[in-house]
Amino acid sequence: MKANFHTHTYRCNHAEGADRRYVESAIEAGVRVLGFSDHSPYVGFTDGFYSFYRMKPEELWDYVFEIGKLRDEYKNDIEIHIGLEAEYYPRLFPALLEFLRPYGIEYLILGQHYLDDDQNGMYVQWARDEEGIKKYTDQCIEGLNTGVFSYLAHPDIVGFNRMDPVFKREMGRLCDASNALGLPMEVNVLGVLRDRIYPCEEYLEVCREKGSRMIIGLDAHLPEQFTNKDPLMKAEKMIKDHSLCLTEEIDMTRLARYYATNSR
């Protein structure tokens with residue numbers, strides 16, 4: 001693994017370890033390009049779990065500043081980029097983009113953990129009926145079509161029954177939307193490490209049928225995940241077994257292009 005764009009920090013309240021340790025572990029593992037993409041703050045959410053598992057708005061400057069210092073310090077050893085993982089909440093998303101504008105964020109990845117856009121939105125792993133998975137797919141596609149995201153993280157996180165044909169139908173819709181925008185689909189290594197419901201075989205089968213490009217996302221919440229090769233090798237085997245095309249590059253110009261064409 002030469003590039004990983006899915007890396008968290010302690011600021012999201014459910015990852016551990018100093019920023020420097022993530023960089024040093026990535027270098028030790030042979031990673032050449034490291035993207036930090038901690039859970040974005042979201043203006044408009046002030047309490048509840050929505051606000052707990054992400055950094056606070058007032059922490060964003062420290063995040064950008066500290067990662068920027070490490071980028072300069074380790075520039076001869078590794079290429080570091082500053083991004084964020086964000087949900088797409090239609091009512092609040094325009095305000096989020098304006099909030100992020102002055103911070104120099106290089107890229108966004110879409111990681112949709114909740115539906116709707118209020119404090120009581122459904123957690124996507126509880127979306128176990130057809131209406132729920134369709135809402136998840138619709139919300140992800142609408143988010144991708146904003147043009148600011150570089151890829152969709154853990155597309156198969158949704159809790160719907162994998163054996164139901166509806167699951168493949170909805171994963172196919174996600175693949176079609178990503179393919180139309182030239183975006184890769186993620187194989188999430190944290191899901192492998194923690195034996196979660198994702199990444200799943202049914203999702204990978206659809207990606208093969210649709211000819212999707214895949215990207216491995218370590219989804220690192222601990223520095224040691226970089227040097228833990230077993231789950232990474234399992235993820236790579238999944239890709240190989242399904243004859244999928246793997247990329248280690250993302251388009252990091254999308255957010256900047258949005259700002260250039262949507263000036264204040």
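Positions are given from 1 along the sequence. No experiment lies behind these values; they were computed from the predicted model shown.
We find the CZ-CG distance between Arg101 and Leu96 to be 12.0 Å, quoted to the nearest 0.5 Å. From Lys75, atom NZ reaches atom CD1 of Ile80 across 12.0 Å, with rounding to the nearest 0.5 Å. The structure places CE of Met171 at 12.0 Å from CG of Asp176, a figure rounded to the nearest 0.5 Å. For the atom pair CD1 (Ile197) and CG (Asp156), the distance works out to 7.5 Å, reported to the nearest 0.5 Å. Separating the NE2 atom in His8 from the CG atom in Leu84 is a distance of 10.5 Å, to the nearest 0.5 Å. Of the inter-residue distances, the one linking Asp219 atom CG with Gln225 atom CD reads 7.0 Å to the nearest 0.5 angstrom.
A side-chain donor-acceptor contact under 3.5 Å links Glu142 and Tyr88. A side-chain donor-acceptor contact under 3.5 Å links Glu24 and Tyr74. Using modelled atom types and a 3.5 Å distance limit, the side chains of His242 and Glu205 yield no donor-acceptor pair. Donor-acceptor pairing under 3.5 Å is lacking for the side chains of Ser150 and Asp251.
Put simply, the side chain of Tyr136 never gets that close to the backbone of Gly159: no donor and acceptor are under 3.5 Å apart. Side-chain N or O atoms of Glu106 include one that pairs as donor or acceptor with a backbone N or O of Ile82 at under 3.5 Å. The backbone N or O of Gly35 lies less than 3.5 Å from a partner atom in the side chain of Thr7, making a donor-acceptor pair. Panel note: side chain Tyr22, backbone His221; a donor-acceptor pair is recorded below 3.5 Å. Using a distance-only test at 3.5 Å, with no hydrogens or angles considered, a donor-acceptor pair links the side chain of Asn145 to the main chain of Ile141. A donor-acceptor pair under 3.5 Å links the side-chain atoms of Arg213 to the main chain of Gly182, judged by distance alone. Listed for the Arg162 side chain is a donor-acceptor partner under 3.5 Å among the backbone atoms of Phe160. No side-chain donor-acceptor contact under 3.5 Å links Ser40 to the backbone of Glu85. Distance alone, capped at 3.5 Å, places no donor-acceptor pair between the His6 side chain and the Asn4 backbone. Side chain of Tyr114 to main chain of Glu87: no donor-acceptor pair is present (N/O by atom type, distance under 3.5 Å, no hydrogens or angles).
One hydrophobic cluster, built from ILVMFWY side chains closer than 4.5 Å, cannot hold both Met1 and Leu190; they sit in different ones.
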Which atom pairs, donor and acceptor, lie under 3.5 Å between side-chain atoms of residues 66-73 and protein residues at least two apart or in another chain?
| residue | atom | partner | partner atom | Å |
| --- | --- | --- | --- | --- |
| Glu73 | OE1 | Arg20 | NH1 | 3.2 |
| Glu73 | OE1 | Arg20 | NH2 | 3.2 |
| Glu73 | OE2 | Arg20 | NH1 | 2.7 |

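Aromatic ring centres of His113 and His154 lie closer together than 6.0 Å. In this structure, the ring of Tyr203 has its center no less than 6.0 angstrom from the ring center of Tyr198.
Pairing each heavy atom of Ile27 with each of Asp77, the nearest pair is CD1-CB, 3.7 Å. Considering all non-hydrogen atoms of both residues, Ala235 and Val192 come closest at CB-CG2, 4.4 Å.
Contact of the Leu97 side chain with the Thr146 side chain is not registered, since no non-hydrogen atoms from C-beta on lie closer than 4.5 Å. In this structure the side chain of Lys135 reaches within 4.5 angstrom of the side chain of Asp116, judged on heavy atoms.
Hydrophobic cluster of Ile250: the remaining members, joined at side-chain heavy-atom separations below 4.5 Å, are Phe5, Val33, Tyr107, Ile109, Tyr151, Ile215, Met252, listed by chain and number. Residue Leu222 shares its hydrophobic cluster (ILVMFWY side chains chained together at separations under 4.5 Å) with no other residue.
The side-chain contact (heavy atoms from CB on, under 4.5 Å) search around Ser212 returns Cys175, Asn179, Met185, Cys207, Lys210, Met214, not counting sequence neighbours. Scored by the side-chain contact (heavy atoms from CB on, under 4.5 Å) test, Tyr103 finds Leu60, Trp61, Val64, Phe99, Ile105 as partners (sequence neighbours excluded).
Other residues, nucleotides and ligands place more than 12 heavy atoms under 6.0 Å from the CZ atom of Arg257. Heavy-atom neighbours of Glu58 CD from other residues, nucleotides or ligands within 6.0 Å: above the threshold of 12.
Listed by first and then second residue, the salt bridge (Lys or Arg N to Asp or Glu O under 4.0 Å) pairs involving residues 239-248 are Lys237-Asp241 (not counting sequence neighbours).
None of Val124, Leu144, Leu115 except one satisfies the side-chain contact (heavy atoms from CB on, under 4.5 Å) rule with Gln139; the exception is Leu115.
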